[in-house]
Amino acid sequence: MHHADFEDGITEQVKEYTEREAVMRAADRYFYLQAVRGKVNHRVTMADGRDMVMLASYSYLGLMGHPRIEAAAKAAIDDYGTGAGGVRLLTGTTDLHERMEARIARFVGRDDACVYTSGYLTNLAIITALTGPGDLVIMDKLDHASIVDGCMLSGARWRTYRHNSMEHLESVLKRAQGKYKTMLVIADSVFSMDGDMVDLPALAEVTHAYGARLMIDEAHSIGALGATGHGIEEHFDMSDAIDLKMGTLSKAVPSVGGYLAGDHELINYMRHASRPFIFSAGLAPAQCASAMAALDVIEEEPWRVERLQKVQIDYARGLMELGFDTMETDTAIVPVRVCDEARTMDLTRGLFDRGIFVCPIVHPAVPRGTERLRTCLMATHTEEDLRQVFSAFEESGKELGLI
C-alpha cells in the first residue's frame, strides 16, 4: 500500500466516525465523555453543576473518597513522591510495590501476584507471555475485548465457545486434544455487558478434565462477589479452581492497575517475560497505597458487600416489576435491554433529564438488536436514590412506549 493510500484509509475512517458523531449530537443522543466534578459515589456533580444519581460507576463498594484510603495515598506521596521513576524490572520497584503485591496475593488466596498499570494491559501480558504459536486459547464468546486482543497479539490459535456452554467448550477441547503444546481456557467472572457470572464449577471441571489451564478475569467480581467480597471462588465456595487469577484495581478497589495472581514460579516468570511489565513504568506510589488500603477496608467493613448485594437484588426486582427486561443478571451489573439503538439513546436522554447518569451500550459493543443500558449498583446507593431511579425509569419508559 502506498503512503497516500494509507492516509486516505485513515482519513476515511475519521470522516465516517465524525459524521456519525455529528448525527448523534444533532439528535441530542451523544452521552459519552461526560465530565463530572469531584469524587464519584452514589451521587455525582456534573461539570454544569447538576446533581445526579450515579448509575454507571464500577465503584461497586462506594469506596471513592474513603478517608482511610485517601490518607494512605497522601502518605505514600509524602514518603515516595508522585511516580515510580522507571519500569519495575529496572528502577521502578519500591518496597511499597512489593508489599502491595503480597497483599493482593493474600486477598485472593494465592502465593504471589504481579501488578500491571491497567487491567487491559494485564490481560495482554498474561496471554502473550504464556501462549504463542503451537498453543490454543479458548474464550467464552462474551469475554472482554482485552482478552480478544491478547489472543490476536500472542500468535496462538484461538477459538470461542458459546456463552457459558460447557457442552460447546468440551467439544472444542475434544477436537483440540493432542494438537497443541498448551491449551488455555479464559472466561470473565462477571460478563460486563450482560451482568451474569461464569459457571465456575462446571468450567473448572471441563477445563481440567482435558488438561487445559484455566484463567479467570475477576475485574467485576473482586469486592462484589462472595459473602465477604473475595470473588468468584468464594461465591461458589471453591478454592484453587483457577490456575491464573486476573483482576483489576480500578473498580471495587478505587485505584488503577491490574494483577495476575498464582504460584510463585509463574509470577516470577511473568515479571521477567511479559512485555507490559518490562516496558511500562511502575504504578505510582499513591495508587499502590490506595489499593492496599482498599483491600483492608473491604475485609474490615463487610457491611459494604452485604449492602451491595441487597441493593442489586432490590433494584433488579424493581425494574422487572415496572416491565423492563434485565436479562439474566445476578450481579451488580444490571442491563436494561431495549433492542433498538435509537430507543436506547432516547431512554438514556429521558433518564439524564430526570437526574440519572446511565450509559447506553450499542453496536459494536453489543450485536445489533441487543442494544441496552448498562446500569451498575453501589453499596452506597440509598433508598431515596432508588426511588428517584424507579420514578425516572417509569416516566421515561411510558413516554417511549417501552413499558
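None of the values given here were measured: they were computed from a predicted structure.
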Carboxylate-amine/guanidinium proximity below 4.0 Å for R68 and E301:
no
Go through the steps for L225 and E234 under the test side-chain contact (heavy atoms from CB on, under 4.5 Å), then give the verdict.
CA-CA 7 Å; L225 286 187; E234 182 184 43; over 6 Å; no
Holding to ring-ring contact (aromatic ring centres under 6.0 Å, His included), I want the full list of residues that pass it with H163, two or more places apart in sequence or in another chain.
F191
Can you tell me how far the OH atom of Y32 sits from the SG atom of C359, to the nearest 0.5 Å?
8.0 Å
R349 and D346 ion-paired at < 4.0 Å:
no
Spacing of D140 atom CG and T160 atom OG1 [to the nearest 0.5 Å]
8.5 Å
Please list all pairs passing the salt bridge (charged side-chain N to carboxylate O under 4.0 Å, His left out) test where one or both residues lie in residues 55-64, with sequence neighbours left out.
none
Pairing residues for F357 by the ring-ring contact (aromatic ring centres under 6.0 Å, His included) criterion, not counting sequence neighbours
F352
Residues two or more places apart in sequence or in another chain: which of them pass ring-ring contact (aromatic ring centres under 6.0 Å, His included) with F236?
none
Is there a donor in the side chain of Y210 and an acceptor in the side chain of E170, or the other way round, less than 3.5 Å apart?
yes
For atom CD of E265, decide whether the heavy atoms of other residues, nucleotides or ligands shown that lie under 6.0 angstrom number more than 12.
no
Pair D112-N268, side-chain donor/acceptor within less than 3.5 Å
no
State which residues pass ring-ring contact (aromatic ring centres under 6.0 Å, His included) with F279; sequence neighbours excluded, sorted by chain then number.
none
Indicate yes or no: does D51 engage R43 in a salt bridge with an N to O separation below 4.0 Å.
yes
With sequence neighbours excluded, what pairs up with E384 under the salt bridge (Lys or Arg N to Asp or Glu O under 4.0 Å) test?
none
Side-chain donor-acceptor distances from residues 249-262 under 3.5 Å, at least two apart:
residue : atom : partner : partner atom : Å
S255    : OG   : Q287    : O            : 2.8
S255    : OG   : S290    : OG           : 3.2

Can you list everything that forms a side chain to side chain contact (heavy atoms under 4.5 Å, CB included) with N41? Sequence neighbours excluded, please.
M378, T380
If you count heavy atoms of other groups shown closer than 6.0 angstrom to CG of D237, is the number above 12?
no
Could you verify whether a donor N or O on one side chain and an acceptor N or O on the other, from S146 and D149, lie under 3.5 Å apart?
no
Checking I242 against M215 for the side-chain contact (heavy atoms from CB on, under 4.5 Å) test, could you report, in this order, the C-alpha distance in whole Å, the side-chain angles of both residues, the deciding distance, and whether it holds?
CA-CA 6 Å; I242 301 167; M215 171 181 163; 6.0 Å; no
Show me the donor-acceptor pairs, under 3.5 Å and distance only, between side chains in residues 101-108 and residues at least two apart or in other chains.
residue : atom : partner : partner atom : Å
E101    : OE1  : R88     : NH2          : 3.2
E101    : OE1  : R271    : NH2          : 3.1
E101    : OE2  : R88     : NH1          : 3.1
E101    : OE2  : R88     : NH2          : 3.4
E101    : OE2  : V115    : N            : 3.0
R103    : NE   : D296    : OD1          : 2.8
R103    : NH2  : D296    : OD1          : 3.0
R103    : NH2  : E299    : OE1          : 2.6

Identify, with sequence neighbours excluded, every residue that meets salt bridge (Lys or Arg N to Asp or Glu O under 4.0 Å) alongside R354.
E395, E399
How many angstroms lie between atom OG of S396 and atom CG of L347, to the nearest 0.5 angstrom?
6.0 Å
Fit a plane to each ring of Y58 and Y60, take the angle between them on a 0 to 90° scale, and name the class: parallel (under 30°), tilted (30 to 60°) or perpendicular (over 60°).
tilted
Do the side-chain N and O atoms of S221 and E218 include a donor-acceptor pair separated by under 3.5 angstrom?
yes
Across all chains, not counting sequence neighbours, the salt bridge (Lys or Arg N to Asp or Glu O under 4.0 Å) partners of K39 are E70
Donor + acceptor pair across side chains of Y17, E21 (<3.5 Å)
yes
Do H230 side-chain atoms and G223 backbone N/O form a donor-acceptor pair below 3.5 Å?
no
Step by step, would you call E383 with R387 a salt bridge (Lys or Arg N to Asp or Glu O under 4.0 Å)?
CA-CA 6 Å; E383 298 302 324; R387 282 194 295 271; 5.3 Å; no
Just how far is it from atom CG of D330 to atom CD1 of I313, taken to the nearest 0.5 Å?
9.5 Å
For residues R372 and P335, report the shortest heavy-atom separation together with the two atoms involved.
CD-CB, 4.0 Å
Where is the tightest heavy-atom contact between D188 and L142, given as atom of each residue plus distance?
OD2-O, 3.9 Å
Listing, residues 336-345 side-chain donor-acceptor contacts under 3.5 Å, not counting sequence neighbours, or none:
residue : atom : partner : partner atom : Å
R337    : NE   : D325    : OD2          : 2.8
R337    : NH2  : D325    : OD2          : 3.0
D340    : OD2  : A342    : N            : 3.2
D340    : OD2  : R343    : N            : 2.8
E341    : OE2  : R20     : NH2          : 3.4
R343    : NH1  : L400    : O            : 3.4
T344    : OG1  : D340    : O            : 2.7

Less than 4.0 Å between a side-chain N and a carboxylate O, is that true for E306 and K310?
no
Short N-O contact, K74 and D78, less than 4.0 angstrom
no
Is it true that atom CZ of R99 has more than 12 heavy atoms of other residues, nucleotides or ligands lying nearer than 6.0 Å?
yes
Looking just at side-chain N and O atoms, do E98 and T93 make a donor-acceptor pair shorter than 3.5 Å?
no
Treating S274 as the side-chain partner and P276 as the backbone partner, does any N or O pair qualify as donor plus acceptor under 3.5 Å?
no
Using a strict cut-off of less than 4.0 Å between a Lys/Arg side-chain nitrogen and an Asp/Glu carboxylate oxygen, indicate whether D263 and R110 qualify as a salt bridge.
no
If you count heavy atoms of other groups shown closer than 6.0 angstrom to CD of E328, is the number above 12?
no
Hey, could you give me the CD1/CD1 distance between I186 and I147, rounded to the nearest 0.5 Å?
5.5 Å
CG on L173 to NE2 on H208, rounded to 0.5 Å
11.0 Å
